Amino acid sequence: MEKPFLEGIRVIALTHAAAGPLMGAMLADFGAEVIKVESNSRLDELRKYPLLSKGQQGPNGPVFNCVNYGVKSCTINLKQPRGLALLKELIKISDALIDNFSPRGLAQLGIDYPMLQAIKSDIIWVSISGFGTVGPEKDYVAYAPTADAIGGLSASFGYPGGEPAQSYIYVGDPVAAMYGIVALASTLRYRNKTGKGQFVDLALTEGVSTLIPESFMEYVMTGRSRSRMGNRDETMAPHGCYPCQGEDKWVAIAVGNEREWEALCQVMGQVELAQDERFSDQYARWKNQEELDRIVAGWTRGYTHYEVMHRLQSVGVAAAPSLNLKEFIEDPHVHAQGIIMQQDHPEAGRTLILRPPWALSAPRTPAPLLGQHNDYVLKELLGLSDEAVAQLSEEKVVY
Amino acid sequence: MFFNLLDGVKVVEYGEFVTAPFCARILADLGVEVIKIEDPGRGDPSRRREPFLDDIPGDNRSGMFLYANMNKLGITLNLKTATGKQILAELLRSADAFVENQLPRKAEELGISYHDIREGHPGIVVTSITPFGQTGPYKDYKGGELIPAHMGGIGYTSTMDSNVSQEPIKLPGQVLGFQAGLWAAGVTAMALYRQSVNEQGEHIDVSEYHTAAFNIGSKLPWYVLEGVIPSRTNRAAVAPFHIVPCKDGHVIIAFMQNAQWKGLLQVMGNPEWGDNELFGDPRSRGEYWDALRPLLVEWTMQQGTEEIYHSCQKNHVPVGAVQTAEGALSSQQRAARGFFVDVEHPETGTLRYPGLPYSFSGAPSETPRPAPLLGQHNEEVFCGRLGYSKRDLARLRQANII
């Protein structure tokens, strides 16, 4: 039986909202023990975030459960000096600290790298912030949607000739978490080799920028601002999303070379189209793609989006239905890969979660209730007595 | 490289376009020695992807190729030939990981599936990035950027304020491809860490559509608990942020907490309509957005992006600039962080590139190296490390092995 990647590694998580928790959950998935230190004095906003219509409240908001699975929870009030002292005790017996609070906010609590190094000289601290800990904008606030905009993604996103657009999906948080993963794996190896720890200064907005290099390279290389292209490609055509049978059903088709173009024409039953001089080479196809898109749409309208995918993929043409979440959950391939999993949460009940794109090596536990692991952390790990913990709770240090 | 954290780690990459090359680059940035294999003569097809320097195509002028392949050694090798496969095996003997992005069926045909490689190299990490993964009914279906965007459910929710007569659209550029490469780099780095502890290998199966869908994971509760299917036409299930135009571009404004809202009104000079109770709390500001928007836009159209962004943020209002490439490249914040880097290329000269989103306090930093010319390091690798003579190299070249 292979061991999980991070067996024996303990991480303290000062996290809230999405980026930090996602990183914590991924680390738990990789086998680390992740202890989320939180407090009623400053509750993770997602714990309270209800769904819109039902206005559900409670210690575990549904979105909280999605991004905080697998981790343990211990309540320590860091605004109290004795709370900070407890955190220091935890750092002493841990390998890493991760956070996505504002650097200024943590510094105000007395948490900075020199302080951590003094407790544990080889501590690794991965700090996720909107803009990093240096620079004129370091104290600015970024949320996921604004991070996508500031990172430069939104400017080139949208329909051709349209305004910069927004999706409901923001990549900033998962991307920051993923860079955090790279950083932690690399710094752990470095620490084992050299005995040295690290302060890793990771900026959410910059993470976004690394995913759209074409925008920057186009400007650097040609002086042009990249235009918004919808589903279109710089050179390939057909390359778009076409209407299918049913309400709001679409299929994505991308033709990459002449062979695929001929195959598409054959499947569409319009073999002569392949030699039509409007479309017979890639440049002509790209130039006349509006007309071409109309012709392809005329064909796709007669089929379901799945039919088009299977028919085209079977002749080596890239195609996929534009799935909504319900269809995604019910898709046979998704099902075969076990991507959607059921999870039973002690308070929230049965729900579905989308497992991260990596096979599980250890069973995943549901998101913790607030302070669920106080006994384990305070009594077992830190060796505090029952009386001591009771006292600290009364003083709102364990709170 | 940028920071030498992973000195001594060796990775061989056989990648095309975005996913596998970017995965390998992220590791190369942190000190891994990456040997990139390209097909002789043609090389990585992304060499022929625009943007090109001065709009002049050339194998060393592609922005995408130069960006995604920085910090690597480059060799040519024809994996379709017996000798090519043998040379690969020799290279893998001293490699800790192999990264590739062939469709599973093609990897098997080439003899570079995990099953093939593991036989000769039991402790190696193999990272395979594919459109649909290594298992399941669609595993050999073709991908590209458009496919995971729509298969993974992202297209259906893009864009906000769209309608059913407009097609769902993908994210710009190759965002999802780069994200899949990033995810692969993270898991590979984790596997390399474990390998350094107990010498275990791994097959890392990264699927692009799954990585894309992962961005939507937090929307599942809406469906499970309320039966709401997130869609670009369903404004209800959305976070309250909107892009509005301004004098020279756009900004993004949130229906924020009341304290922040008051801060915004303050920056706007406290207009009279600010007291309107229709705009009194975050929820109603969202509900009456259609009434609020024109009032905001009247103001924003008189200000520049930078003006609005900085004056709001300084007043603790979390507005964002819809940053263009030009804006980001001239940003003082990016400059202070050293985010953009100048790298000199032997043929294309010095260009500015997006760099790393993270810095490391305790690791030696280095000057990043440019993407390799096609076969640039053939001699260094084949002769210097594998013991082939220059004469051998000439023969291999003539036989189209390299």
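Residue numbers start from 1 in every chain, and the chains themselves are labelled A, B, ... in the order their sequence lines are given, proteins ahead of strands. These numbers were taken from a predicted model, which means no experiment stands behind them.
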Side chain, backbone, both or neither of B:S165 within contact of chain A (heavy atoms, under 4.5 Å):
backbone
Does any backbone or side-chain atom of A:Y219 lie under 4.5 Å from a heavy atom of chain B? Answer side chain, backbone, both or neither.
side chain
Interface moiety of A:K196 toward chain B, non-hydrogen atoms closer than 4.5 Å
side chain
Between A:Y113, A:Y179, A:Y242, A:Y143, which shows the greatest number of heavy-atom pairs under 4.5 Å with chain B?
A:Y179
Greatest number of non-hydrogen atom pairs under 4.5 angstrom with chain B, of A:A336, A:P174, A:P213, A:S154, falls to A:P213
Chain A contacts, top residue of B:A336, B:A321, B:C312, B:S218 (heavy-atom pairs, under 4.5 Å):
B:A321
Interface moiety of B:E208 toward chain A, non-hydrogen atoms closer than 4.5 Å:
neither
Heavy-atom pairs under 4.5 Å with chain A - which of B:L27, B:I216, B:T324 has more of them than the others?
B:I216
Chain B heavy atoms under 4.5 Å from A:D139: which part of the residue, side chain, backbone, both or neither?
neither
With a cut-off of 6.0 Å (strictly less than), are more than 12 heavy atoms of other residues, nucleotides or ligands near CZ of B:R352?
no
Residue A:D173 versus chain B: region with a heavy atom under 4.5 Å:
neither
For A:D248 and B:Y156, run side chain to side chain donor-acceptor pair (under 3.5 Å): C-alpha distance rounded to whole Å, both residues' side-chain angles, the deciding distance at 0.1 Å, then the answer.
CA-CA 9 Å; A:D248 203 21; B:Y156 198 80; 3.0 Å; yes
Side chain, backbone, both or neither of B:A213 within contact of chain A (heavy atoms, under 4.5 Å):
both
Pick one of side chain, backbone, both or neither for B:N4, based on which atoms fall under 4.5 Å of a heavy atom in chain A.
backbone
Please verify the inter-ring angle class for B:Y141 with B:F132; under 30° counts as parallel, over 60° as perpendicular, anything in between as tilted.
perpendicular
Quick one about B:H316 and B:Q260 (side-chain donor to acceptor, distance below 3.5 Å, no hydrogens or angles considered), yes or no?
no
When the 4.5 angstrom heavy-atom criterion is applied to A:T133 and chain B, the contacting part is backbone
Please flag which part of B:E145 lies under 4.5 Å from any non-hydrogen atom of chain A: side chain, backbone, both or neither.
neither
Sort B:A335 into side chain, backbone, both or neither according to what part of it lies under 4.5 angstrom from a heavy atom of chain A.
neither
Contact leader toward chain A among B:F22, B:Y67, B:Y353, where contacts are heavy-atom pairs under 4.5 Å
B:Y67
Quick check for you: among A:M309, A:M236, A:R232, A:E247, which has the greatest number of heavy-atom pairs under 4.5 Å with chain B?
A:M309
Against chain B, label A:I124 side chain, backbone, both or neither, depending on which of its atoms sit under 4.5 Å from a heavy atom there.
neither
Atom group of B:L329 that falls short of 4.5 Å from chain A, counting heavy atoms:
side chain
Under 4.5 Å from a heavy atom of chain B, the part of A:A176 involved
neither
Would B:Q179 and B:N215 count as a side chain to side chain donor-acceptor pair (under 3.5 Å) if you check the C-alpha gap in whole Å, the side-chain angles of each, and the deciding distance to 0.1 Å?
CA-CA 10 Å; B:Q179 192 183 35; B:N215 294 308; 2.8 Å; yes
Any side-chain heavy-atom pair from B:R232 and B:M160 closer than 4.5 angstrom?
no
pair B:K139-B:Q134: side-chain heavy atoms closer than 4.5 Å:
no
Does A:Q166 reach the main-chain N or O of B:I252 with its side chain, forming a donor-acceptor pair under 3.5 Å?
no
Options A:L153, A:L211, A:L184, A:V126, ranked by heavy-atom pairs under 4.5 Å with chain B, top entry:
A:L211
Result for side-chain contact (heavy atoms from CB on, under 4.5 Å) between A:M221 and one of B:D54, B:D55, B:L351 points to B:L351
Under 4.5 Å, counting heavy-atom pairs only, tell me which of B:V251, B:L356, B:I204 racks up the most with chain A.
B:I204
Of the listed B:G355, B:A191, B:G144, B:G143, the one with the largest count of heavy-atom pairs under 4.5 Å with chain A is B:A191
Is it the side chain or the backbone of A:E7 that comes within 4.5 Å of chain B heavy atoms, both, or neither?
neither
Among A:V134, A:I181, A:T187, who wins on heavy-atom pairs under 4.5 Å with chain B?
A:V134
Where does A:Q117 contact chain B at under 4.5 Å (heavy atoms): side chain, backbone, both or neither?
neither
Should B:H210 and A:Q337 be marked as a side chain to side chain donor-acceptor pair (under 3.5 Å) after you check the CA-CA gap, both sets of side-chain angles, and the distance that decides it?
CA-CA 10 Å; B:H210 186 170; A:Q337 294 185 328; 5.2 Å; no
Under 4.5 Å from any heavy atom of chain B, what part of A:H305 do you find: side chain, backbone, both or neither?
neither
Dump the intermediate steps for salt bridge (Lys or Arg N to Asp or Glu O under 4.0 Å) on A:D201 and B:R337, then the final yes or no.
CA-CA 10 Å; A:D201 192 351; B:R337 286 266 299 174; 3.3 Å; yes
Segment of A:H335 engaging chain B (4.5 angstrom heavy-atom cut-off):
neither
Counting heavy-atom pairs under 4.5 angstrom with chain B, the leader among A:V334, A:L204, A:I212 is A:V334
A:I353 side chain near A:I340 side chain, heavy-atom distance below 4.5 Å
no
Cut-off 4.5 Å, heavy atoms of chain A, and the answer for B:L53 is both
Any non-hydrogen side-chain atom of B:F360 less than 4.5 Å from a side-chain atom of B:L30?
yes
Would you find a donor on one side and an acceptor on the other, under 3.5 Å apart, between the side chain of A:Q313 and the backbone of B:K142?
yes
Side chain, backbone, both or neither: which part of B:V224 has a heavy atom under 4.5 Å from chain A?
side chain
Could you walk me through whether A:R226 and A:E214 satisfy the salt bridge (Lys or Arg N to Asp or Glu O under 4.0 Å) test, starting with their C-alpha distance in whole Å, then the side-chain angles of each, then the deciding distance to 0.1 Å, before giving a yes or no?
CA-CA 8 Å; A:R226 186 177 173 83; A:E214 298 97 323; 5.0 Å; no
Tell me, out of B:G181, B:P318, B:P354, who's got the most heavy-atom pairs with chain A below 4.5 Å.
B:P318
Under-4.0 Å salt bridge between B:R49 and A:D233
yes
For A:N231, is it the side chain, the backbone, both, or neither that has a heavy atom closer than 4.5 Å to a heavy atom of chain B?
both
Measure distances from B:Y138 to the heavy atoms of chain A and classify the residue's part below 4.5 Å as side chain, backbone, both or neither.
both
State, with a plain yes or no, whether a side-chain heavy atom of B:I169 is found less than 4.5 Å away from one of A:Y159.
yes
A:E206/B:R334 salt bridge by N-O under 4.0 Å criterion
no
Which class fits the ring pair A:H333 and B:Y209: parallel under 30°, tilted 30 to 60°, perpendicular over 60°?
tilted
Which residue, B:Q333, B:Q313, B:H310, forms the side chain to side chain donor-acceptor pair (under 3.5 Å) with A:Y140?
B:H310
Could you tell me which portion of B:F52 (side chain, backbone, both or neither) has an atom closer than 4.5 angstrom to a non-hydrogen atom of chain A?
backbone
If I measure from the heavy atoms of chain A, does B:S331 come under 4.5 Å with its side chain, its backbone, both, or neither?
side chain
